[in-house]
2 protein chains.
Amino acid sequence: MVIEKDWVVVLKALAHPTRLRIVAELLQGTKCVTSMQDLLPASQANISQHLGILRNARVVDFTQDGAQRCYYVCRPELVGGLLELLRDNPAPPA
Amino acid sequence: MVIEKDWVVVLKALAHPTRLRIVAELLQGTKCVTSMQDLLPASQANISQHLGILRNARVVDFTQDGAQRCYYVCRPELVGGLLELLRDNPAPPA
DNA sequence: GAAATATATTCGAATATGCTTATATCAAGG
DNA sequence: CCTTGATATAAGCATATTCGAATATATTTC
């Protein structure tokens, strides 16, 4: 199996509680930064930093709408699939 | 969507080139630490540390065979599924 | 064009990760 | 029990992440 270094970038991007919540929210539908501030216990600057990391990993992208940036998951099958796998495969007993 | 903190532990465990290679190798079949040393450009101590992290995340487990520990992926559907999703969902163009 | 709103970037301190070297544990054979 | 082979753990250092505070940029409105 060939392992692309991109994969590590994606996994690292998702391996953070706030970022995982961000993508879970974005899977439900496009959101701008301000509306994410209402959903998450994090500051504007911090959310923006996390979005930058997700953007670099090519996990999210945005469309500009006036002064707002409407973020969305640009690989929904990947991200949705990952979350589904995690949900359906809990840690084994002891 | 409820996000378990376990998920972040799993993602963090996999978000490292060496550890990702380790699980990819283990998906092909059980291996002991010594034989992994032949496959990976990492020291014994380092491989053992990575295996400890994967163990904590409940991604791998082992059976003791004499002095050897035979490691295997204890959630093959999860790990195999993740690798498959990554392979099938490359980064979108620009 | 000044003010207000939305978002991004920079910087620094705290904390976490990763790796090396050295040492410990532990099982098997003699 | 002493050695050897297999694996784990600990200590220490270098580097990377994280997050808050402050500041910058861009867009709309008046």
Side-chain angles (χ1 to χ4, degrees), chain A residues 3 5-26 29-74 94, chain B residues 3 5-26 29-74 94:
Chain A
I3 292 186
K5 72 181 194 319
D6 271 10
W7 299 358
V8 173
V9 174
V10 170
L11 291 172
K12 274 174 76 166
L14 296 175
H16 185 286
T18 301
R19 293 195 292 268
L20 204 53
R21 283 201 52 189
I22 288 176
V23 296
E25 295 291 349
L26 289 182
T30 291
K31 283 176 188 60
C32 68
V33 180
T34 310
S35 55
M36 288 189 239
Q37 290 183 64
D38 302 332
L39 296 171
L40 305 174
S43 69
Q44 179 273 318
N46 191 226
I47 292 178
S48 192
Q49 287 164 342
H50 286 308
L51 286 170
I53 291 169
L54 290 167
R55 236 164 34 215
N56 272 325
R58 319 297 305 272
V59 169
V60 306
D61 201 353
F62 64 87
T63 58
Q64 191 93 30
D65 175 27
Q68 300 188 154
R69 294 190 165 183
C70 302
Y71 277 90
Y72 60 94
V73 175
C74 59
Chain B
I3 293 186
K5 73 182 195 320
D6 271 12
W7 299 358
V8 173
V9 174
V10 170
L11 291 171
K12 276 174 74 167
L14 295 175
H16 185 286
T18 301
R19 293 195 291 266
L20 205 53
R21 283 201 51 190
I22 288 175
V23 296
E25 295 290 348
L26 289 182
T30 291
K31 283 177 188 58
C32 67
V33 181
T34 310
S35 56
M36 288 189 239
Q37 290 183 63
D38 302 332
L39 296 171
L40 306 173
S43 68
Q44 180 271 319
N46 192 224
I47 292 179
S48 192
Q49 286 165 343
H50 285 310
L51 286 170
I53 290 168
L54 290 168
R55 236 162 36 212
N56 271 326
R58 318 298 306 271
V59 169
V60 305
D61 200 353
F62 64 86
T63 58
Q64 193 93 28
D65 175 28
Q68 298 188 157
R69 294 190 165 184
C70 302
Y71 277 90
Y72 60 94
V73 175
C74 58

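So that the names make sense, note that chain A is the first sequence line, chain B the second, and so on, each numbered from 1. Computed from a predicted model, the values in this text were never measured in an experiment.
- Nearest nucleotide to the A:Arg55 side chain, out of D:dG5, C:dT20, C:dT9: C:dT9.
- At a non-hydrogen distance threshold of 4.0 Å, nothing from residues 29-37 of chain B comes into contact with DNA chain C.
- For B:Gln44 against D:dA6, no side-chain N or O and base N or O form a donor-acceptor pair under 3.5 Å.
- Which of D:dA8, D:dT9, C:dA8 sits closest to the side chain of B:Ala45 comes down to D:dT9.
- The side chain of A:Arg69 contributes no N or O atom lying less than 4.0 Å from OP1 or OP2 of D:dA26.
- No hydrogens or angles were tested; on distance alone, a donor-acceptor pair under 3.5 Å links the side chain of B:Gln49 to the base of C:dT20.
- Dashed line: the shortest gap from a side-chain N or O of A:His50 to OP1 or OP2 of D:dT17 is not under 4.0 Å.
- Here the closest heavy-atom approach between residue A:Leu20 and residue B:Leu11 is recorded as CD1-CD1, 3.9 Å.
- In this structure, B:Arg19 CZ and B:Leu14 CG are separated by 8.0 Å, a value rounded to the nearest 0.5 Å.
- Looking at heavy-atom distances under 4.0 Å, B:Phe62 makes no contact with the nucleic acid at all.
- At the phosphate of D:dA8, OP1 or OP2 sits under 4.0 Å from a side-chain N or O atom of B:Tyr71.
- Neither OP1 nor OP2 of D:dA16 sits under 4.0 Å from any side-chain N or O of A:Lys12.
- Base contact: A:Ser48 has a heavy atom under 4.0 Å from a base atom.
- In this structure, A:Ala42 reaches neither bases nor backbone, as no heavy-atom distance under 4.0 Å exists between it and the strands shown.
- Considering only side-chain N and O atoms, A:Arg19 lies nowhere under 4.0 angstrom from the phosphate OP1 or OP2 of D:dT17.
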